[in-house]
Asker: 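Below you'll find the structure I mean.
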Amino acid sequence: MKFTMDKIKQLKVRVEEIKTRKTENGDDLLMALHAAQEIFDNSIPIEAAEAISDALEVKMNRVYELSTFYSMYSTRPRGKHLIRVCESLPCHVVNGKEVIEALENTLDIEVGETTKDGLFTLETTSCLGLCGVGPVMMIDDKAYGNLTSDRVKEIINGYRGEKQ
Amino acid sequence: MRQVTTVLISMDSNSLLNGAEEYEELLKSLIDDHNMSDLIQVIETGTYGIYGKGIILQILPDNVYYVINSSNDLLKIFEEHLLKGREVIDLSVDLNKLKFSKAYKKKETRIVLRNIGLIDPSNIEEYIARDGYAALAKALEMKPNEVIQAVKDSGLRGRGGAGFPTGLKWEMTRKSNSEKKYVLCNADEGEPGTFKDRLILEGDPHSILEAMAIAGYVIGSDTGYIYIRGEYYESIKRVQKAIEDAEKFGLLGDNVLGSDFSFKISVRPGAGAYVVGDETALMESLEGKPGRPRMKPPYPTEYGLFGKPTLINNVETLANIPWIILNGAKSFKNYGTEKSPGTKVFSLVGNVMNRGVVELEMGTTLREILYGFGGGVAKGRSLKMIQTGGTAGTFVKPDKLDIPMSYESIKDGVSLGSGAVLVIDDTNCAVDLAKKVAKFYMHESCGKCTPCREGTRMIYKILDDISKGKGKIEQLDQIQKMSERIADTAFCPLGQSINLPLSSIYENFKDEFMAHIAAKECPVGVCEFEKPHIKKVKIKR
């Protein structure tokens, strides 16, 4: 619980900073939600939503609506690393399908699920605008291109190694 | 004293994934090891527009381009060219020949991409050195109506896909009466296969800021927003830096260039919703609401962001503006077709030898793009179809390769859209692609109107069944009818566009759809069929 309280404090500081960049009411809300996701491992728990609702003086139902409407946000807990693999046609026609399968096999989960150790969540996404080097995926804010099944394994193992 | 040698290396988001950063580090460490850091400078620049051949770097003042594919290549260039001054013939390339095969005389026309690959985008002085912000200075000395006239005369149309005349939009927003107005740059690039806006923002962010400031002066606004896709971390960072630099130089902020005109720009990230590419949905999102489109009219030029008149333009549209102001509408009209003047930045993706972006005159044919710039279909496969204009665009067979691409080409069944050209080879199955398209629509539908929310779901279900060998003949008619209905009744351009890709792929590959239903087989072998369920029949005695 204390762990969460520290993070809430952290979020409040960030939201105060974001408020200084506001020019009109509401234009800071999405940035605050992005900040919450960074602090709370890729999801927006209810405590964080409440903190944002208080700080920006918006109703909770609006915060909830936004966190569920936009696909970058999640109210369900997600893994420490968020994998977003492109499933749009430009990646699909250059073996994107195999890359998604390789990710599912390597992580032993299906798209939309989180690994048991809480390290990864696998999601598909629409075009990431990196079509020059597809198939592509992003892990958190880092992108990887020219993927093959073998490259996928290598990359995932790299992240797993970091943990130990 | 020896002249300083400059090495320009492409450092856009696509090149980064090809390993550009690692090569840059290696090069820098080689330079340091030889104590040559005051003789050789390494500068990061935007894209050269071509991927798949390797990392491209340019050495100045020698004006030699190299393609590197390994650290050995780089080592060789360092030792031979940079140390001894000898060109490495087997690695050096002619950029124009690399981008265009000999048989096609087409050349790239760089208006939008005029600075990309030539300047360090993070250095405002390099932008200024190439006439950057000169158009803003010129515009500030003109009357707003003169600027509008220039934009109108140029015939520039919206490059986001809809093709609305830009000058007219500017005029309408100027005429709207309000104390407060906004200039909004739509950088929520989400059309699959399109990545031009990303490369413009990364390779030449100041051109957008300059154009927005000009627009602000013209319509009478002091506040601008750039709404950038949340996933474009790199673009957000670079634009943010560019704004800070421009403010330091007095090119943005209070009293721009010493005039009475003040203009501030803020960056806002998106959060992942394709529908926000629609102008009114984008405004909703910027106001901190779910990105659902608004009823039109009133149009944004009267009632836009926060209820105020708003001018919203796409990134590529804006990038044209400074060029038009400086060179005049007449020179702009020298390029392109009568109804679509200027150029278009095409993104060539999919099963093609050279993926990348290229800026060509409007009216360039698909054949010139695919074979001239793209080098043909990858891996020696044959061309099955091309999807133009993004996922919401048309699928065309190779017999349409010679149709000139412009806003008018939709009459011939080829949509220009965002300029995406997706090459699809013969290993792909039409039903599988149609299913992917339907899934995209189903996922991206915002849920506001029923035809789009429910219809896309039903179409996806049917196509999923067909791809598994569970389809029925009458369902093909059903899909057609439904997608027509959605197109007729949906609230916004998202739903209205669904008929374009679905009907074109079905018309072109009817036999493939039939094979999945009647023969229960996928001619290409992509779709996996469920084993037929054997009914257990109890025999009555």
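Only heavy atoms go into these numbers, but all of them, side chains included; no hydrogens, no water, no symmetry mates. Below, chains carry the letters A, B, ... as their sequence lines are ordered, and counting in each starts from 1.
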Asker: Counting heavy-atom pairs closer than 4.5 Å to chain B, which one of A:Gly132, A:Gly145, A:Cys127 comes out on top?
Answerer: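 Greatest number of close heavy-atom pairs with chain B: A:Gly132.
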Asker: How far apart are the closest heavy atoms of A:Leu30 and B:Pro269, and which atoms are they?
Answerer: CD1-O, 4.0 Å
Asker: State, to 0.1 Å, how close B:Phe195 and A:Gly129 come at their nearest heavy-atom pair, and which atoms those are.
Answerer: CB-O, 3.2 Å
Asker: If we only count heavy atoms from C-beta on, is the A:Val93 to B:Leu433 side-chain gap below 4.5 Å?
Answerer: yes
Asker: Name the member of A:Met31, A:Met138, A:Met72 that forms the most heavy-atom pairs with chain B at distances under 4.5 Å.
Answerer: A:Met72
Asker: Report which part of B:Leu286 has an atom under 4.5 Å of a heavy atom belonging to chain A: side chain, backbone, both, or neither.
Answerer: both
Asker: Is A:Val136 in contact with chain B via its backbone, its side chain, both, or neither, using a 4.5 Å heavy-atom distance?
Answerer: side chain
Asker: Heavy-atom pairs under 4.5 Å with chain B: which of A:Leu89, A:Leu29, A:Leu56, A:Val58 has the most?
Answerer: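 Option with the greatest count: A:Leu89.
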Asker: Please classify the contact between B:Val352 and chain A as side chain, backbone, both or neither, with a heavy-atom cut-off of under 4.5 Å.
Answerer: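 The answer is neither part of B:Val352.
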Asker: How far apart are the closest heavy atoms of B:Pro192 and A:Pro90, and which atoms are they?
Answerer: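 For B:Pro192 versus A:Pro90, the nearest heavy atoms are C-CG, 4.0 Å.
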Asker: A:Leu128 versus chain B, heavy atoms under 4.5 Å apart: side chain, backbone, both or neither?
Answerer: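 For A:Leu128, the contact with chain B is made by backbone and side chain together.
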Asker: Anything under 3.5 Å between chain A and chain B that's a donor-acceptor pair? List each one with its distance, please.
Answerer:
| unit_1 | atom_1 | unit_2 | atom_2 | d |
| --- | --- | --- | --- | --- |
| A:Arg21 | O | B:Arg268 | NH2 | 2.9 |
| A:Thr23 | OG1 | B:Tyr225 | OH | 2.3 |
| A:Glu24 | OE2 | B:Tyr182 | OH | 2.6 |
| A:Asp27 | O | B:Arg268 | NE | 2.8 |
| A:Asp27 | OD2 | B:Tyr225 | OH | 2.5 |
| A:Asp27 | OD2 | B:Arg268 | NH2 | 3.0 |
| A:His34 | NE2 | B:Gly270 | O | 2.8 |
| A:Arg62 | NE | B:Gly288 | O | 3.0 |
| A:Arg62 | NH2 | B:Glu287 | O | 3.1 |
| A:Arg62 | NH2 | B:Gly288 | O | 3.0 |
| A:Tyr70 | OH | B:Ser285 | OG | 2.9 |
| A:Tyr70 | OH | B:Lys289 | O | 2.8 |
| A:Tyr70 | OH | B:Gly291 | N | 3.0 |
| A:Ser71 | N | B:Gly272 | O | 3.0 |
| A:Ser71 | OG | B:Gly272 | O | 2.8 |
| A:Met72 | N | B:Ala271 | O | 3.0 |
| A:Arg84 | NH2 | B:Tyr233 | OH | 3.1 |
| A:Glu87 | OE1 | B:Lys436 | NZ | 3.2 |
| A:Glu87 | OE1 | B:Lys439 | NZ | 3.2 |
| A:His92 | NE2 | B:Asp432 | OD2 | 2.7 |
| A:Val93 | O | B:Asn351 | ND2 | 2.9 |
| A:Ser126 | OG | B:Glu444 | OE2 | 2.7 |
| A:Cys127 | O | B:Arg229 | NH1 | 2.5 |
| A:Cys127 | O | B:Arg229 | NH2 | 2.9 |
| A:Leu128 | O | B:Arg198 | NH1 | 2.6 |
| A:Gly132 | N | B:Asn14 | OD1 | 3.0 |
| A:Gly132 | O | B:Arg355 | NE | 3.4 |
| A:Gly134 | O | B:Arg355 | NH1 | 3.0 |
| A:Gly134 | O | B:Arg355 | NH2 | 3.2 |
| A:Asn146 | ND2 | B:Asn18 | OD1 | 2.7 |

Asker: Just so I understand: if I count every heavy-atom pair under 4.5 Å between each of B:Gly193, B:Gly350, B:Pro290 and chain A, which residue has the most?
Answerer: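 Between B:Gly193, B:Gly350, B:Pro290, the count favours B:Pro290.
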